[in-house]
Amino acid sequence: MLEDINTLGGMVETVKLPEPQQKIHDGKPFPLILSPTDQKTFTDLPSTIMWLEENRDKLKKILLKYGVIVFRDFPVKKAIDFDAFVKALDYQPFPYIGGAAPRTSVVGDVFTTNESPPDKLVDFHHEIAQSPKYPKNIFFFCEYPAKEGGQTSVAPSNLVYRKMLEREPEFVKDLEEKGVRYLRVLPDGDDNESAIGRGWQSTYLSKTREEAESKAKELGTTFEWMPDGSVKTITDIMPGVRINPNNGLKMWHNAIINAYRAYVDSRNVPEKSVYLSDGTYMKPEVMDILDETLCECASDMDWKSGDVMMIDNLQVLHARREFVPPRRVLAWLCV
Ligand code: FE2
């Protein structure tokens, strides 16, 4: 039993899974998986909520140390239970402004995850890392897993940074000094055929062009309207690496690989969707190394119905594997 888990009153224990579902990084299991010690520990949702409320500060501390916690075999069955689960930890919802993926509100502050086609991989990213305002933590909940595949992969940002520094020191130096900009053309209204098809209205939670433009401006993003009603957006210079204020460690924190590989649809050319602030595009060979590094660091946990995954969005990147439908994994983003 890990020492931190003892602080939780003997109600939960850690679960070990074989690689690649769970790995050991810097001596710690990744992700950390917690389950009730026995069937009688949590009989229903109210008892779980009470335990979460009592232990919220300890759980938040544990999250800072491990980066990801998976709660398995707790009595969380529906989206509404999931909403109550997160709220018991006293989190506030993050307004989903600036993200690319089309999402639908489910109940309370629960949203669908990226609704892009199941046969497409969602590459590694931090949620909304392309914006200066990004969620601090994110939660996923598995209502039911895919028939096949559909893992949510997670990778520790500091480990990715360390490995990239070793493998591509020039690129990392450039990235740290210059930062990056992201370019994306948003459709007029949502385009559900595209993994990055959120229209400008839902991206900026706005009804009018003026409102969208003013919200984008607050984030440092510029707009250029196109004749067909779509809009070309270019972000402010965003950091590619951020420092974790809790431990001073450098985090690989950006949406580079996601933009470079996946900002593709009838409006967008992926290779031109992200560039260093001096205008230099990403080199394909460096992107291949980044891909390899991310996969090497990643844990690919198979979902089980009722799993709740709590992710520190600064310390951990996530991705979604291809899958055979149906699969329903929901999300909750925290300020
Ligand atoms: Fe995501």
Side-chain angles (χ1 to χ4, degrees), residues 31 63 67-70 79 82 86 91 93-106 109-118 120-143 145-146 149-157 160 182 184 186 190 192 194-198 202-203 235 238 242 251-265 268 270 273-274 290-291 294-295 297-301 303 307-323 327-335:
L63 181 73
V68 186
I69 306 175
V70 176
F82 172 47
V86 182
Y91 283 115
F94 179 90
Y96 190 54
I97 293 183
R103 287 168 189 265
T104 312
S105 168
V106 178
D109 294 295
V110 178
F111 281 81
T112 56
T113 42
N114 191 327
E115 290 172 359
S116 62
K120 284 200 185 115
L121 168 82
V122 177
D123 280 290
F124 277 100
H125 61 286
H126 296 269
E127 205 59 37
I128 322 185
Q130 69 275 26
S131 165
K133 284 188 191 162
Y134 56 90
K136 191 164 180 278
N137 298 311
I138 53 175
F139 283 81
F140 291 122
F141 164 64
C142 176
E143 206 167 275
Q151 296 89 346
T152 292
S153 305
V154 283
S157 316
V160 174
Y182 302 92
R184 187 157 52 90
L186 317 184
D190 286 357
N192 283 311
S194 160
I196 53 159
R198 281 188 99 202
S202 48
T203 301
T235 68
M238 300 301 303
R242 282 187 161 102
M251 303 285 144
W252 186 264
H253 193 278
N254 56 64
I256 294 176
I257 197 74
N258 191 241
Y260 181 84
R261 296 254 188 259
Y263 278 18
V264 56
D265 60 14
N268 291 280
S273 295
V274 56
L290 175 55
D291 246 349
L294 286 161
C295 291
C297 298
S299 301
D300 306 312
M301 200 196 69
W303 284 110
D307 280 352
V308 174
M309 186 186 269
M310 180 183 187
I311 300 179
D312 179 329
N313 191 37
L314 177 62
Q315 296 199 65
V316 174
L317 297 114
H318 63 278
R320 188 210 70 193
R321 301 281 158 198
E322 301 89 340
F323 65 94
R327 168 194 190 263
R328 192 157 157 97
V329 173
L330 302 171
W332 212 107
L333 312 183
C334 314
V335 172

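As the structure lists them, so they are numbered: ligands from 1, and atoms in each ligand from 1. What you see below is based on every heavy atom in this structure, not just the backbone, and it leaves out hydrogens, waters and symmetry mates. Predicted, not measured: the structure shown is a model, and the values here were computed from it.
Here salt bridge (Lys or Arg N to Asp or Glu O under 4.0 Å) pairs that include residues 121-131, with residues two or more places apart or in two chains, are Arg103-Glu127. The salt bridge (Lys or Arg N to Asp or Glu O under 4.0 Å) contacts involving residues 307-323 comprise Arg72-Asp307, Asp300-Arg321, where partners must be two or more places apart or lie in separate chains.
Proximity of a side-chain donor or acceptor of Ser157 to a complementary backbone N or O of Leu314 within less than 3.5 Å is detected.
Side chain to side chain, Tyr134 and Asn313 fail the donor-acceptor criterion of an N or O pair below 3.5 Å.
Note: His126 and His253 have parallel aromatic rings, judged against thresholds of 30 and 60 degrees for the angle between ring planes.
Residues meeting the side-chain hydrogen bond (donor to acceptor under 3.5 Å, both in side chains) test with Asp265, sequence neighbours left out: Ser194, Arg267, Asn268.
Looking only at protein N/O/S atoms, the ones less than 2.8 Å from the Fe ion (ligand 1) make 3 in total.
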